[in-house]
Protein chains: 2
Amino acid sequence: MAGQVQRQTGVALWRQIADRIRQAISAGAYDETGMVPPETVLALQFGVNRHTVRSAIAALAQEGIVRAVQGRGTLIERKERLNFPITKRTRFTAGIGGQAREMRGLLLGHSEERADEEVARWLKLRPGAPVIRMETVRKADDRPVSCATTWFPADRFAGMPAAYEKTESITRAFAELGLSDYVRATTEVTAAHADAADLAALELTPGAIVLITKAMNTDLEGVPVQYAISRFSADRVQFTIEN
Amino acid sequence: MAGQVQRQTGVALWRQIADRIRQAISAGAYDETGMVPPETVLALQFGVNRHTVRSAIAALAQEGIVRAVQGRGTLIERKERLNFPITKRTRFTAGIGGQAREMRGLLLGHSEERADEEVARWLKLRPGAPVIRMETVRKADDRPVSCATTWFPADRFAGMPAAYEKTESITRAFAELGLSDYVRATTEVTAAHADAADLAALELTPGAIVLITKAMNTDLEGVPVQYAISRFSADRVQFTIEN
DNA sequence: TATAGTTGTCTATATCAATAGACATTTAAA
DNA sequence: TTTAAATGTCTATTGATATAGACAACTATA
């Protein structure tokens, strides 16, 4: 994890260092001791003052990733990265499956609106067609993993928000509405800094990274049934694509 | 592109704004005029002082993305986000294909070493087996798109570095070494802040995000021939997964 | 019960980031 | 040739970031 931090780039040193330590923890670099190296050692490694390292560690403690104990050191509290397979049969709940005890989808809000150009294109509707929009957060063992904006054709899935709120799962909600099976047609993946809404929904701190997927599901006849823009905390998930 | 910028996060406002404008340009938000909105308008949009916007634009001008002209406005010079499909037949050169005039792979360095646990697992070798490691950068029209660390079984592909340096492509290098076809077996995707080496290789600024893929290719019998960890500039690419 | 090693707190100083306002300079269009 | 609209430059001030040093407080262990 050597490599120097860079100055005068608009990114504070303490944030660069926090990001590097977070990544090192994820990669298992400190698994032997379960602790982050002493502040003086890190300061030397990164070529900065000890106080700068302290700012970085304070940020990580704020995220709940480490806990500093006076006299002992800085203990690693949490270290999670869920694997999320993307396949023809991608389902959030089943996908995370055995990796967490409890999976829940929470409905933050919903509305009926007219499809804009992007949504219409993905759902193969005409622009202005009525669609149901839902804002959701998905949690694994009560830790938010992703939040999503999802659109459904309104004529076919008017009862979606209620069904989702009841079942806490898209798959089960589809089943309630008479769609027993569906397949993932396309997924686009990008990454960006989380915006304010995502930070709040995913309980992240500014500067955090989100993996963004834009995905379209179809029924077995190939008719689009759902278009979703999901934001995943990059620290907590990885995607796997099996071909 | 509304949404406010965030203060006291360790990421300077001018950098947040630069990132947002870069992304808006990529998304085609200013395609009608070919210009970025006036500084005073942006300052109002983001809720910051005009000087802060000027810092952001100066950074983008430094990257060669925009060019400010006194009296006229700020012109968009370049606007790239390459789409990179991930399929069974994923090939970097062909994948980016029609989206750039010229595709090149550059060999930064290589060595023969013993497989560590991770590499051995992916290549289905025993730990300690000899492998060839290559560090490469891939460029589209001379702009770096990704950098990669790649491992090959040493017994089978000893001539890989030389072949890659000559052909500037993994596919063509494999062909030279007698492997005419191969398929993508698995791809893992994550995102993280770029580390110092990636920043240099990809000509990015600190705080930039990289999409990271870990991918394994096999020959047509299913024998692993290549394991690669690639880092893509998140500002310059997106992935598409077709199922 | 010392002692080494660690985190916590305090003061002080220098540099970067951001705001504020005024005015110059250039361009394009009226 | 004006004029409006845009970028360029300058000065000044405030708050965040980073460094520096000293010492307190706590933990584990010899």
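Throughout, protein chains are lettered first and strands after them, A, B, ... in sequence-line order, and every chain is numbered starting at 1.
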Take atom CG of A:L44 and atom C1' of C:dT6, then tell me their distance rounded to the nearest Å. 16 Å
Hey, does A:E112 have a side-chain heavy atom less than 4.5 Å from the side chain of A:V131? no
Are the charged groups of A:D142 and A:K139 less than 4.0 angstrom apart, N to O? no
Is it the case that over 12 heavy atoms from other parts of the model lie below 6.0 angstrom from the CD atom of A:Q62? no
OP1 or OP2 of C:dT7 less than 4.0 angstrom from a side-chain nitrogen or oxygen of A:R54, does that happen here? no
The contact string for nucleotides 16-30 of chain C, one letter per nucleotide 5' to 3', using protein heavy atoms under 4.0 Å with B, S and - for base, sugar-phosphate only and none, comes out as SSSBBB---BBBS--
Listing, residues 34-41 of chain A side-chain donor-acceptor contacts under 3.5 Å, not counting sequence neighbours, or none:
{"unit_1": "A:E39", "atom_1": "OE1", "unit_2": "A:R50", "atom_2": "NE", "d": "2.8"}
{"unit_1": "A:E39", "atom_1": "OE1", "unit_2": "A:R50", "atom_2": "NH2", "d": "3.1"}
{"unit_1": "A:E39", "atom_1": "OE1", "unit_2": "A:R54", "atom_2": "NH1", "d": "3.4"}
{"unit_1": "A:E39", "atom_1": "OE2", "unit_2": "A:R54", "atom_2": "NH1", "d": "2.9"}

Taking only side-chain nitrogens and oxygens of A:T40, does any of them come within less than 4.0 Å of OP1 or OP2 of C:dG5? no
Mind telling me whether A:F232 and A:F239 have parallel, tilted or perpendicular rings, with 30° and 60° as the class edges? perpendicular
Should the pair B:E118-B:K214 be classified as a salt bridge under the 4.0 Å nitrogen-to-oxygen rule? yes
Students often get this wrong, so: under 4.0 angstrom with heavy atoms, is A:S55 touching a base, only sugar-phosphate, or nothing? nothing
What is the distance from CZ of B:R67 to C1' of D:dG8, rounded to the nearest Å? 16 Å
Roughly, in whole Å, what's the span from CE in B:M35 to P in D:dT7? 7 Å
Rounded to whole Å, CG of A:L75 lies from P of C:dT6 at a distance of 13 Å
